[in-house]
Amino acid sequence: LGRYANFESEPVSLPILPSDEVIEGDTEPPKLVRKGYYTKPSISELKRMSPKQRQSITDFTVGLAEVGEVKFLGETNVNGIDLDSIIFFSDRSVEIYPDENNKPPIGQSLNKPSIITLYKCWPKDKETKLPKRDHETLKYFENTLRLRCQRFTGNCKFISYEPDSGTWVFQVDHFSEYEVDEREDNMKQKSAQSQRK
């Protein structure tokens, strides 16, 4: 009964594991139902894989459309992972494992080396909160992002900043919360102003 979506549709062939193949731990596909979020491979593709195949997904990626994405480097076991409770994107920000009590040890599950990409990372005007995209301001803002990487807990490597799209890319060894906040905006604005004097 559970092998087919309904009896009127074409039967869907499911992968069958060899009888001697033993899978430890949770064997269910990862969960992700929030609007706008996506994975690479997609959730539908992952559901068609066997639990054994899902134990070693190369460069597994989770993202939110037009906000950012995280690529988990190397092979990742995605069986049983509730992505809805682990990964949270917001404007110029991503947080992984917000509940420290549920964060796995460094190197396990999704708490591992990753490349983070955040879109539309432009400095905001202190009063209007609107993006400031002039060349001089963005030049100082990029330097601010480089310094920001150096201040993150753990090893963080600045990779690139594309000012036209506001795309900031950096690599981390493990996870905390990574964001651009108003302090960075203000630091940038003060620096730009001081250079004009």
Side-chain angles (χ1 to χ4, degrees), residues 24-47 49 51 53-124 141-142 144-162 165-185:
E24 296 183 358
D26 200 324
T27 60
E28 293 298 314
K31 176 187 173 187
L32 182 64
V33 299
R34 282 175 295 166
K35 185 177 180 180
Y37 280 76
Y38 61 86
T39 62
K40 300 176 187 176
S42 68
I43 291 295
S44 59
E45 290 175 311
L46 292 168
K47 286 180 178 179
M49 296 181 184
Q53 290 172 317
R54 290 194 298 266
Q55 280 189 326
S56 55
I57 301 298
T58 302
D59 292 344
F60 179 59
T61 301
V62 181
L64 175 59
E66 299 185 6
V67 178
E69 67 177 29
V70 180
K71 178 189 291 185
F72 301 94
L73 300 178
E75 294 188 347
T76 300
N77 180 358
V78 301
N79 283 322
I81 295 180
D82 182 1
L83 298 169
D84 288 317
S85 66
I86 294 175
I87 301 179
F88 297 88
F89 285 94
S90 58
D91 180 36
R92 308 187 302 171
S93 173
V94 62
E95 187 172 12
I96 317 289
Y97 295 110
D99 185 350
E100 289 288 333
N101 294 323
N102 292 329
K103 182 184 292 186
I106 293 174
Q108 295 185 20
S109 193
L110 301 184
N111 193 15
K112 61 185 298 184
S114 305
I115 292 178
I116 298 174
T117 302
L118 295 176
Y119 307 127
K120 300 180 181 179
C121 289
W122 296 299
K124 293 183 178 181
F141 187 64
E142 178 177 345
T144 299
L145 293 179
R146 291 178 182 273
L147 293 173
R148 178 70 166 163
C149 276
Q150 295 176 11
R151 295 201 308 271
F152 280 140
T153 301
N155 189 15
C156 177
K157 177 185 177 183
F158 178 94
I159 295 178
S160 66
Y161 178 68
E162 208 293 303
S165 63
T167 301
W168 176 27
V169 184
F170 56 101
Q171 182 173 337
V172 299
D173 284 344
H174 54 85
F175 279 99
S176 179
E177 180 178 10
Y178 298 99
E179 65 177 351
V180 178
D181 62 26
E182 291 186 359
R183 288 175 296 178
E184 268 65 37
D185 295 335

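With rounding to the nearest 0.5 Å, the separation of OG1 in Thr61 from CD in Glu69 is 5.5 Å. Between the CD1 atom of Ile116 and the CH2 atom of Trp168 there is a distance of 8.0 Å, given to the nearest 0.5 Å. One distance of note links SG of Cys156 with NE2 of His174; it measures 10.0 Å at 0.5 Å rounding. To the nearest 0.5 Å, atoms CD (Gln108) and CG (Asn77) are separated by 11.0 Å.
Shown here are the ring-ring contact (aromatic ring centres under 6.0 Å, His included) partners of Tyr97, two or more places apart in sequence or in another chain: there are none. In this structure Lys71 satisfies the side-chain hydrogen bond (donor to acceptor under 3.5 Å, both in side chains) test with no other residue, sequence neighbours excluded. Considering only residues two or more places apart in sequence or on other chains, Phe88 meets the ring-ring contact (aromatic ring centres under 6.0 Å, His included) condition with none of them. Residues passing the side-chain hydrogen bond (donor to acceptor under 3.5 Å, both in side chains) test with Glu28, sequence neighbours excluded: none. In this structure, the side-chain hydrogen bond (donor to acceptor under 3.5 Å, both in side chains) partners of Ser42, at least two apart in sequence or on a different chain, are Ser44, Glu45. Residues passing the side-chain hydrogen bond (donor to acceptor under 3.5 Å, both in side chains) test with Thr58, sequence neighbours excluded: none.
Using a 4.5 Å cut-off on side-chain heavy atoms (C-beta onward), Ile86 and Leu110 make contact. By the 4.5 Å heavy-atom criterion applied to side chains, Gln171 and Leu73 are counted as neighbours. Gln55 places a side-chain heavy atom less than 4.5 Å from the side chain of Asn79. Between Val62 and Phe72 there is a side-chain heavy-atom pair separated by less than 4.5 Å. Looking at Phe175 and Val70, their side chains come closer than 4.5 Å, going by heavy atoms from C-beta outward. Phe60 has its side chain within reach of Leu46: a pair of non-hydrogen atoms, C-beta onward, lies under 4.5 Å apart. Inter-residue side-chain proximity for Thr167 and Lys120 is flagged as unmet; no heavy-atom pair is nearer than 4.5 Å. Taking the side chain as every heavy atom from C-beta outward, Arg92 and Tyr119 never approach each other to under 4.5 Å.
Put simply, the side chain of Lys157 never gets that close to the backbone of Cys149: no donor and acceptor are under 3.5 Å apart. In this structure, Ser85 contributes its side chain and Asp82 its backbone to a donor-acceptor pair below 3.5 Å. Remark: side-chain polar atoms of Thr117 are not paired, donor with acceptor, to backbone N or O of Ile115 under 3.5 angstrom. Checked by atom type and distance alone, the side chain of Ser109 never pairs as donor or acceptor with a backbone atom of Asn111 at under 3.5 Å. Judged purely by atom type and a 3.5 angstrom limit, Arg146 has no side-chain atom pairing as donor or acceptor with the backbone of Phe158. Here the side chain of Asp84 pairs a donor or acceptor atom with the backbone of Val33 at under 3.5 angstrom. With hydrogens and angles disregarded, no donor-acceptor distance shorter than 3.5 Å links the side chain of Asp173 to the backbone of Pro113.
Closest of all the heavy-atom pairs between Gly68 and Phe89 is C-CE2, 3.5 Å. Closest approach of Pro30 to Leu83, counting heavy atoms only: CB-CD1, 4.2 Å. Scanning all heavy atoms of the two residues, the minimum distance from Phe170 to Leu118 falls at CE2-CD1, 4.3 Å.
Paired with Lys112 under the rule side-chain contact (heavy atoms from CB on, under 4.5 Å), one option of Ile96, Val172, Thr76 passes, and it is Thr76.
In this structure, Tyr161 and Phe141 have perpendicular ring planes: the angle between them is above 60°, well past the 30° mark.
Ion pairing of Arg54 with Asp26 is absent here, as no side-chain N (NZ or NE/NH1/NH2) approaches a carboxylate O to less than 4.0 Å.
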